[in-house]
J.: 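First the structure, then my questions, so here it is.
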Amino acid sequence: MDPDLQDFFEDEDEEIVDFLENMRTYTIRGTFSKNVVRTILNEIRNYIPNIVRRNCDIDPLTQLLITLRFYGTGDIYIVMGDFVGIHKTTAGRIIKHVTEAILHLRPNYIYLPRNQQELHKLQVNFKNVAQFPRIIGAIDCTHIKRLSPGGPQAEFFRNRKGVFSLNVQVVCDNTTKIMDIVARWPGATHDSQIF
């Protein structure tokens, strides 16, 4: 077995080990390398419980891979469950638990400047890149497609192009690192109202 994988698997996990050893990286729609998956797992491991369902232990790595695959593909829970042989409700619970665990990391990675030194550094970096003085971030909104939530409020989520979405505002620095994100507005909301 690959020594990098030895920490994550027991001897009984032959199918998973074979699958992973045949891959050069864990790629979830081409976005996450093994190192990124390991880093995320190490940071959220304490927030994810091992799930035991009828003699089937679902370890944190498998839960993370199910969730990342869901993020990358947007497939329905039954497809995610079929991916590792679990029921769709278990897949839904896993995705919810792992998402909540990842959200615990938010303050470590997504934040506006916390002091004068960070603020000044951002201003200097923006001036060096774009010759804009006293700028600390770039802000814009984008529509993230979603399924209709149904019910009487559903049409609030239909954007001007007729697609159900969330209107998400993002602020980034000069290196495109996200510093703030607001993802609570329905698609019909105009950008000016979010700002």
Side-chain angles (χ1 to χ4, degrees), residues 1-10 12-13 15-17 19-21 23-114 118 142-147 149 157 165-173 175-186:
M1 178 190 302
D2 180 349
D4 291 341
L5 300 174
Q6 209 155 5
D7 294 340
F8 293 117
F9 301 104
E10 300 294 325
E12 312 75 75
D13 297 328
E15 287 181 23
I16 295 173
V17 171
F19 173 73
L20 293 176
E21 284 184 341
M23 296 174 61
R24 290 184 171 235
T25 60
Y26 307 127
T27 52
I28 312 302
R29 304 292 279 177
T31 55
F32 294 101
S33 68
K34 284 181 184 180
N35 289 335
V36 170
V37 171
R38 283 190 198 113
T39 300
I40 295 169
L41 181 63
N42 288 335
E43 291 198 36
I44 67 172
R45 182 184 297 275
N46 296 332
Y47 299 109
I48 304 175
N50 271 2
I51 295 177
V52 179
R53 298 274 183 228
R54 294 192 179 130
N55 300 325
C56 175
D57 187 21
I58 304 169
D59 64 290
L61 176 63
T62 303
Q63 292 179 54
L64 177 60
L65 291 174
I66 289 168
T67 303
L68 293 177
R69 185 166 177 87
F70 174 74
Y71 294 163
T73 63
D75 282 337
I76 57 177
Y77 291 159
I78 195 166
V79 175
M80 293 298 100
D82 289 347
F83 180 62
V84 291
I86 58 175
H87 193 269
K88 65 182 178 181
T89 55
T90 303
R93 278 191 219 105
I94 287 170
I95 292 166
K96 181 178 188 261
H97 290 308
V98 173
T99 300
E100 288 170 350
I102 291 171
L103 287 174
H104 284 300
L105 303 178
R106 181 187 164 279
N108 300 337
Y109 296 98
I110 300 175
Y111 54 88
L112 290 169
R114 296 180 245 190
E118 288 180 5
T142 188
H143 287 269
I144 306 296
K145 188 176 175 182
R146 63 162 294 166
L147 295 174
F157 288 88
S165 68
L166 284 175
N167 195 348
V168 179
Q169 175 188 280
V170 178
V171 178
C172 69
D173 68 7
T175 64
T176 67
K177 178 183 175 237
I178 295 174
M179 299 189 305
D180 188 44
I181 187 164
V182 179
R184 65 174 169 251
W185 293 92

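Model, not experiment: these values are computed from the prediction.
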J.: Got a second to check how far Thr67's OG1 is from Lys96's NZ, nearest 0.5 Å?
T.: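 One finds 12.5 Å between OG1 of Thr67 and NZ of Lys96.
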
J.: State the CG-CD1 distance between Leu64 and Ile44, to the nearest 0.5 angstrom.
T.: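 Rounded to the nearest 0.5 Å, the CG-CD1 separation comes out at 4.5 Å.
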
J.: Quick one: OG1 on Thr142 to CG on Asn167, what's the gap to the nearest 0.5 Å?
T.: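 Between atom OG1 of Thr142 and atom CG of Asn167 there are 8.0 Å.
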
J.: Hey, what do you get for CG (Leu166) to NZ (Lys145), rounding to the nearest 0.5 Å?
T.: 13.5 Å

J.: Less than 4.5 Å apart, side chain to side chain, heavy atoms only: is that true for Ile94 and Ile86?
T.: yes

J.: Check Gln63 against Ile58 and note the closest heavy-atom contact, atom names and distance.
T.: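 The pair with the smallest heavy-atom distance is NE2-O, 2.8 Å.
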
J.: Between Phe70 and Thr99, is any pair of side-chain heavy atoms under 4.5 Å apart?
T.: no

J.: What closest approach, in Å, do Pro107 and His104 show between heavy atoms, and which atom pair accounts for it?
T.: CD-O, 3.4 Å

J.: Could you tell me which non-hydrogen atom of Tyr111 sits nearest to which non-hydrogen atom of Glu118, and how far apart they are?
T.: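 For Tyr111 and Glu118, the tightest heavy-atom pair comes out as CE1-OE1, 3.9 Å.
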
J.: Is it true that, when you exclude Arg184 itself, more than 12 heavy atoms of the residues, nucleotides or ligands shown sit nearer than 6.0 Å to its CZ?
T.: no

J.: Looking only at heavy atoms, what is the nearest atom pair of Arg106 and Asp180, with distance?
T.: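 Looking at all heavy atoms of both residues, the shortest contact is NH2-OD1, 4.2 Å.
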
J.: What distance do Leu61 atom CG and Arg38 atom CZ have between them, rounded to the nearest 0.5 Å?
T.: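 Rounded to the nearest 0.5 Å, the CG-CZ separation comes to 9.5 Å.
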
J.: Quick one: OH on Tyr71 to CD1 on Ile95, what's the gap to the nearest 0.5 Å?
T.: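 Interatomic distance, Tyr71 OH to Ile95 CD1, rounded to 0.5 Å: 8.0 Å.
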
